[in-house]
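No hydrogens, no waters, no symmetry mates; every other heavy atom, side chains included, goes into these values. Every chain is numbered from 1 and lettered A, B, ... according to where its sequence line falls, protein lines coming before strand lines. Every value quoted in this text rests on a predicted model; they were computed, and no experiment measured them.
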Amino acid sequence: MSENAPEYLDFIKDAVAKDVAEGKTKAVRTRFPPEPNGWLHIGHAKAIFVDFGVAEYFKGECNLRFDDTNPEKEDISYVEAIKRDLRWLGYDWADREFYASDYYETLYELARKLIRMGLAYVDDLDEDEIRAYRGTNVPDKNNITYTPPGKNSPWRERSVEENLDLFAKMRAGKFADGAKTLRAKIDMGHPNLLMRDPVMYRIRREPHYRTGTAWCIYPMYDFQHPLSDAIEGVTHSLCSLEYEIHRPLYNWFIEHCEVFPSRQIEFARLNLTRTVLSKRLLIQLVRDKKVAGWDDPRMPTIAGLRRRGYSPEAIRDFLGRIGIAKTDSMVDIQLLEHCVRENLNKKASRHMAVLRPLKLVIDNWPKGQVEFLEAVNNPEDPAAGTRKIPFTGELFIENEDFRELPPPKYFRLFPGNQVRLRYAYIITCTGFDKDPVSGEITAVRCSYDPATRGGDAPDNRKVKGTIHWVSAEQAVDFEARLYDHLFAVDRPMDVAPGTSFLENFNPQSLEILSGAKGEPALACVEAGTCVQFERLGYFCADKSVLNADEDSKPGALVFNRTVGLRDTWAKIEKKG
RNA sequence: UCCCCGGUUGUGUAAUGGUAGCACAGCAGACUCUGGAUCUGUUUGUGGGGGUUCGAAUCCUCCCUGGGGAACCA
């Protein structure tokens, strides 16, 4: 699973290795803790790669734990989706599938333990009062904000007995939602605001997707997470940078609850150019109908990438290359694209397809004759074999492979020029038909050289251009969906204040071509399979996880462009 | 304001006091029945000042700069 693993240790493995060497850790155990409130995306994949990767490197185990302590947002459907994507990515958690919600009773007892130790108390302050007492930023007389020390809650010094009694009543539903909280008694003057008596439990009469109405109090992340780790014997709790400031609190709960000490280590989350990786923003794209859904092939979700044609190997290769560090970074999406190309180049079988068909007529071709020409399925993999493709006197070629007036360095078809039809014959362009009204070129005319069958030139003459084609009569029709980056700029979030990132949405992120033509073999490509259309790019027969009846199938073929081939010509043309 | 964490070519990431390397991108060339693939070559970097040291990306210090935090979310 760690193909392309670098030979050096990243800073996390380095730290874990030291813990092992010093005997602090015997068997390494990590965990991947998704909250079941959304779909997994490539950013999560990095976390998965780190969590499972570190465990694997030290021959330990990584648990899957659903961090489900907020009943308002979570749902079983997300659990299923997360497990599906995790498996697809190639990860296995065996029987170690856990839920923080299974720990509610233990967590409750640990909270009582803290109360008995005089380290937790029931507070009657409401939400706004808690914020005010905490000492959130306030503007002073010069309108400069500052952070004053917090003030103790008037309920902070309740007796252990009273706290125990009130906490039991909270659980029993004797109080209204939000009327009381259980708080850790730490230090209202602490410079780290999170240490100013954080809330451990809140009252919320919201049915939970797993525990139903059994509980009306729910534990908060800061209290629950370190203890869930402890319950599972997690030795290293790896998370993103934003939790760095939570670490003192994480350690405080471990120390005072006197439980198994897990070590939290933080690393930078993934950012990718020309897309967004935040659940909130992704939801907005779906809600505003900018994309067709969570598994729209433009989405950076695992399901979106899969539908786009990305393979798990390509994604893992990418994750291995970007490295792990504490620097906030913005990875160029071209690296991801490089990884798919490299992966698909090795395994995708080649086909010929024409996206924007232009009729090509071979005037000296024997009328009605059909020949079957041999084509290799994958030049990178001889074992993939060959296939026969029908060839006739009426073909479709790519519209952009013909120019009435060729620009400099253009070596495809133009009047008088020779090109090779891939695997077929060398032809010479003799002219073209033009609609006198619209000025549109309706057909290109040429003659073929019978001595060049298969595409070889017996006289060794140099033919610079080779273009792809499809025999008109035998062609299968399909719909091509050409996908491009979701956003037209590298950093979609960089917008003027008051404007939305949606301003940067790329209107050309999807182009649908309904009249595409392909060689007959395309009719049998199964939904979900990726192929290369020669000279065009990698395409994946559409397959959605949501509605199977929309899948690509014979008679209704749909191919999604995963990524185009490297296009040197486009660069030349751009430079002029 | 306060607290925490960062700054190595265009973008990521190594070098753990001892020759600043790798990948992607870029550029140039070779080869090619995909303007693909492959191969070769190549441009660009330690945020700044001071200090310690024979020697500093690395240690100290000040400054600059970026990110994060101040939810009864995770």
Side-chain angles (χ1 to χ4, degrees), chain A residues 4 6-8 10 14 33-35 37 67-70 72-74 123 125-127 130-131 134-140 144-150 177-178 180-183 190-196 198-204 217-218 220-222 224-225 239 241-248 266 268 273 279 321-332 334-339 341-342 345-346 350 352 376 379-380 409-412 420-424 426 454-457 463-468 490 532-537 564-572:
Chain A
N4 286 342
E7 66 281 10
Y8 56 86
D10 56 71
D14 202 38
E35 182 185 14
N37 69 345
D67 221 3
D68 54 356
T69 52
N70 182 5
E72 290 166 48
K73 292 183 179 170
E74 296 150 6
D123 195 357
L125 256 32
D126 67 25
E127 215 168 326
I130 285 180
R131 203 190 325 277
R134 183 184 294 121
T136 298
N137 275 358
V138 289
D140 68 6
I144 295 171
T145 57
Y146 71 102
T147 305
D177 285 11
K180 285 181 168 48
T181 57
L182 182 72
R183 294 232 255 164
H190 199 106
N192 179 347
L193 289 305
L194 289 170
M195 295 294 274
R196 319 248 265 219
V199 172
M200 293 164 58
Y201 272 92
R202 77 279 206 185
I203 305 173
R204 195 109 316 168
I217 56 171
Y218 291 95
M220 302 289 293
Y221 170 85
D222 283 312
Q224 161 272 119
H225 204 89
C239 60
L241 248 31
E242 60 202 289
Y243 292 102
E244 204 157 27
I245 199 163
H246 293 248
R247 193 178 344 123
E266 312 84 12
T273 59
K279 238 177 254 183
R321 291 187 198 221
I322 58 174
I324 304 164
K326 293 190 73 166
T327 317
D328 284 303
S329 61
M330 176 69 70
V331 176
D332 194 333
Q334 287 183 97
L335 180 59
L336 215 208
E337 293 169 347
H338 167 81
C339 292
R341 281 199 193 96
E342 193 173 83
N345 176 49
K346 284 184 206 126
R350 272 58 170 173
M352 287 205 280
V376 302
E380 305 293 320
K409 293 183 191 161
Y410 185 85
F411 46 79
R412 278 115 99 152
R420 172 170 26 240
L421 292 175
R422 175 135 236 225
Y423 298 127
I426 293 174
D456 298 309
V463 178
K464 201 92 199 286
T466 298
I467 65 173
H468 59 278
D490 279 350
Q532 183 196 97
F533 290 165
E534 295 220 20
R535 302 212 304 131
L536 297 173
L565 258 24
R566 263 188 76 228
D567 192 347
T568 313
W569 167 244
K571 269 183 221 158
I572 296 170

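Only one option out of A/E242, A/H246, A/R247 pairs with A/E244 in a side chain to side chain contact (heavy atoms under 4.5 Å, CB included); it is A/R247.
Contacts of A/Y218 with the nucleic acid, taken as non-hydrogen atoms under 4.0 Å apart, are absent. Base engagement by A/R412 is indicated by at least one non-hydrogen atom pair under 4.0 Å involving a base atom. Within 4.0 Å (heavy atoms only), A/E380 reaches at least one base atom of the nucleic acid. Contacts of A/D126 with the nucleic acid, taken as non-hydrogen atoms under 4.0 Å apart, include base atoms. Among the heavy atoms of the strands lying under 4.0 Å from A/Y410 is at least one base atom, whether or not backbone atoms are also near. Among the atoms of the strands shown, base atoms are found under 4.0 Å from some heavy atom of A/D14. Residue contacts shown for A/K571 are limited to sugar-phosphate atoms, with no base heavy atom under 4.0 Å away. Across all strands, A/Y243 comes closer than 4.0 Å to base atoms (heavy-atom distances). Across all strands shown, A/D456 has heavy atoms under 4.0 Å from base atoms, whether or not it also approaches the sugar-phosphate. Residue contacts shown for A/R566 are limited to sugar-phosphate atoms, with no base heavy atom under 4.0 Å away. A/P248 comes within 4.0 angstrom of no nucleic acid atom, judged by non-hydrogen atoms across all strands. Contacts of A/R131 with the nucleic acid, taken as non-hydrogen atoms under 4.0 Å apart, involve only primed sugar atoms and P, OP1 or OP2. Among the protein residues, A/E35 comes within range of the sugar-phosphate backbone only, with heavy atoms under 4.0 Å from sugar or phosphate atoms but none that close to a base. In this structure, A/L125 reaches the bases: a heavy-atom distance under 4.0 Å links it to at least one base atom across the strands shown.
As rounded to the nearest Å, B/rU19 and B/rG67 have C1' atoms that lie 34 Å from one another. When the P atom is compared between B/rC59 and B/rG17, the two are found 9 Å apart, to the nearest whole Å. Between the P atoms of B/rG10 and B/rU16, the separation comes to 24 Å (whole Å). Rounded to whole Å, the C1' atom of B/rU46 lies 10 Å from the corresponding atom of B/rU58. Rounded to whole Å, the P atom of B/rC60 lies 27 Å from the corresponding atom of B/rG69. Comparing the P positions of B/rC5 and B/rC62 gives an interatomic distance of 15 Å, to the nearest angstrom. Going from the P atom of B/rC4 to that of B/rC63 covers 15 Å, rounded to whole Å. A distance of about 29 Å separates the C1' atoms of B/rA25 and B/rC64, rounded to the whole Å.
Of the candidates B/rC72, B/rG68, B/rG36, the closest approach to any side-chain atom of A/I245 belongs to B/rG68. With distances taken from any side-chain atom of A/H246 to the nucleotides B/rC72, B/rG36, B/rA74, the minimum falls on B/rA74. In this structure, of B/rG35, B/rC72, B/rU11, it is B/rU11 that holds the atom nearest to the side chain of A/D332. Side-chain atoms of A/L565 lie closest to B/rU34 of the nucleotides B/rG67, B/rU34, B/rC24. If you check B/rC72, B/rA25, B/rU13 against the side chain of A/Q334, the one that comes closest is B/rA25. Closest contact between the side chain of A/T568 and the listed nucleotides B/rG36, B/rA74, B/rA70 involves B/rG36. Counting only heavy atoms from C-beta on, A/N192 has its side chain closest to B/rC3 among B/rU34, B/rC3, B/rA23. When each of B/rA14, B/rC5, B/rG36 is scored by its nearest atom to the side-chain atoms of A/N345, the top-ranked nucleotide is B/rG36. When distances run from any side-chain atom of A/R134 to the nucleotides B/rA71, B/rG35, B/rG6, the shortest one goes to B/rA71. Residue A/E242 places its side chain closer to B/rG68 than to any other of B/rC2, B/rA71, B/rG68.
In a base pair of the Watson-Crick type (N1 to N3 plus N6-O4 or O6-N4) or a G-U wobble (N1-O2 and O6-N3), with each distance short of 3.5 Å, B/rA23 is matched with B/rU11. The pairing partner recorded for B/rU53 is none, the criterion being a Watson-Crick or G-U wobble arrangement whose two distances lie under 3.5 angstrom. Partner assigned to B/rG66 is B/rC5, using Watson-Crick or G-U wobble distances below 3.5 angstrom. Of the nucleotides present, none pairs with B/rU46 by Watson-Crick or G-U wobble criteria with both distances under 3.5 Å.
Phosphate contact (OP1/OP2 of B/rC24, side-chain N/O of A/H338, threshold under 4.0 Å): present. An OP1 or OP2 oxygen of B/rC73 is reached within less than 4.0 angstrom by a side-chain nitrogen or oxygen of A/R202. Side-chain N/O atoms of A/T69 include one lying less than 4.0 angstrom from OP1 or OP2 on B/rA74.
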